[in-house]
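Working notes, structure below.
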Amino acid sequence: MRIERGARLAAWLLAGLLSSALPAAAQTPSALERLADLSAQRLRLADQVAASKRRSGRPVEDAAREREQLERLGQAAVARGLPHEAATGFFRAQFEANKLVQYRLLGEPPRRGEAAADLDAVRARLDRLNGELLDALGQGLNDAARADCATQARRARERAARRRRLDELHRIALSRALGDLCRRAP
């Protein structure tokens with residue numbers, strides 16, 4: 001009798017553990033979490049951009065390139081059925097957050113082990129991330145229209161910051177990158 005009761009208890013505990021673990025493992029990230037994670041990845045590349053600009057002497061600001069990128073991304077957004085203004089506003093915030101990191105890093109002495117990356121290779125990675133951000137932006141804007149957007153966006157930023165091990169500078173920049181998202185919702 002005792003063994004039987006112990007086996008039932010063990011089976012019940014195992015079922016409880018599995019039922020609580022499976023939904024979390026099977027759960028896909030929300031659109032806001034996806035946007036936050038991609039934005040965090042994008043911000044990590046700002047370090048390499050800053051190192052490259054330090055080496056080359058290029059300025060952080062490149063207004064012509066930024067305008068070209070915003071126009072290209074706006075057109076790609078419209079092709080995906082997204083509102084042009086919301087998409088370009090979102091990417092403008094991404095660019096500003098990236099520049100925030102670059103300015104801060106360039107205002108400090110070079111970090112130990114800082115290696116200047118090939119800017120063209122980094123830009124290719126940024127372009128790939130921009131495409132992924134565009135793919136996630138439609139649902140992200142839908143989620144941003146919800147009443148609890150600010151809370152959900154904050155949680156998404158916090159999770160992305162932990163997952164990507166962002167320091168304080170990059171956490172601040174991530175807040176800048178996603179700060180207006182809830183107000184951009186259609």
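Here the structure is a predicted model, which means the values were calculated and not measured.
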Rounded to the nearest 0.5 Å, what's the gap from [atom1] on [X] to [atom2] on [Y]? Could you check?
X: D62; Y: F95; atom1: CG; atom2: CZ; answer: 10.5 Å
X: R72; Y: L134; atom1: CZ; atom2: CG; answer: 8.5 Å
X: K53; Y: L119; atom1: NZ; atom2: CG; answer: 6.5 Å
X: K99; Y: L106; atom1: NZ; atom2: CG; answer: 13.5 Å
X: L129; Y: L38; atom1: CG; atom2: CG; answer: 6.0 Å
X: L100; Y: L169; atom1: CG; atom2: CG; answer: 6.0 Å

Side chain proximity check, [X] to [Y], heavy atoms < 4.5 angstrom:
X: P83; Y: V78; result: no
X: L133; Y: F90; result: yes
X: H170; Y: R165; result: no
X: R54; Y: Q102; result: no
X: E96; Y: F91; result: no

- Does the pair R155 and D148 meet the rule for a salt bridge (charged side-chain N to carboxylate O under 4.0 Å, His left out), with working shown? CA-CA 11 Å; R155 288 180 183 156; D148 65 343; over 6 Å; no

- Message: Please determine whether salt bridge (charged side-chain N to carboxylate O under 4.0 Å, His left out) holds for the pair R104 and E168, giving the CA-CA distance in whole Å, both sets of side-chain angles, and the decisive distance to 0.1 Å.
- Response: CA-CA 12 Å; R104 180 65 151 316; E168 187 64 22; over 6 Å; no

- Passes side-chain contact (heavy atoms from CB on, under 4.5 Å), R123 versus R65? Steps please. CA-CA 11 Å; R123 284 180 172 167; R65 177 172 168 71; 3.1 Å; yes

- For side-chain contact (heavy atoms from CB on, under 4.5 Å), just list the numbers for Q48 and R125, CA-CA rounded to whole Å, side-chain angles, deciding distance to a tenth of an Å, and then say yes or no. CA-CA 11 Å; Q48 294 175 33; R125 291 171 60 196; 3.6 Å; yes

- Item | Donor-acceptor side-chain pairing of Q152 and S30 below 3.5 angstrom |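 No, no side-chain donor-acceptor pair sits under 3.5 Å.
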
- Who pairs with D37 by salt bridge (Lys or Arg N to Asp or Glu O under 4.0 Å), at least two apart in sequence or on another chain? R163, R164

- Item | Pairs flagged by side chain to side chain donor-acceptor pair (under 3.5 Å) wherever residues 131-141 is involved - sequence neighbours left out |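 Every pair satisfying side chain to side chain donor-acceptor pair (under 3.5 Å) with a residue in residues 131-141: R34-E132, R80-D135, R128-E132, Q139-D143.
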
Residue pair [X] / [Y]: nearest heavy atoms and the distance that separates them:
X: N130; Y: Q69; result: ND2-OE1, 4.2 Å
X: D47; Y: V101; result: OD1-CG1, 4.0 Å
X: G140; Y: L32; result: O-CD2, 3.8 Å
X: A31; Y: A136; result: CB-O, 4.4 Å

- Decide yes or no on side-chain contact (heavy atoms from CB on, under 4.5 Å) for R44 and L166, but give the supporting numbers first. CA-CA 8 Å; R44 294 297 252 165; L166 299 184; 3.4 Å; yes

- I would like to know whether Y103 and E108 meet side chain to side chain donor-acceptor pair (under 3.5 Å); could you show each step before the answer? CA-CA 9 Å; Y103 276 120; E108 298 173 352; over 6 Å; no

- Take L35 and L137 through the test side-chain contact (heavy atoms from CB on, under 4.5 Å) and record every step on the way to the result. CA-CA 7 Å; L35 287 174; L137 187 57; 4.2 Å; yes

- Item | Verdict with supporting geometry, Q94 and N98, side chain to side chain donor-acceptor pair (under 3.5 Å) | CA-CA 6 Å; Q94 298 296 308; N98 196 288; over 6 Å; no

- Query: Would a hydrophobic clustering, with Ile, Leu, Val, Met, Phe, Trp and Tyr connected at side-chain separations under 4.5 Å, put V122 with V60?
  - Reply: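 V122 does not cluster with V60.
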
With a 3.5 Å cut-off and sequence neighbours excluded, list the donor-acceptor pairs that the side chains of residues 173-181 form with protein atoms.
{"from": "S175", "atom 1": "OG", "to": "R171", "atom 2": "O", "distance (Å)": "3.4"}
{"from": "D180", "atom 1": "OD1", "to": "R183", "atom 2": "NH2", "distance (Å)": "2.6"}

- Task: Verify salt bridge (charged side-chain N to carboxylate O under 4.0 Å, His left out) between E158 and R154, making sure each step is shown before the conclusion.
- Result: CA-CA 6 Å; E158 289 170 356; R154 180 184 49 77; 3.2 Å; yes

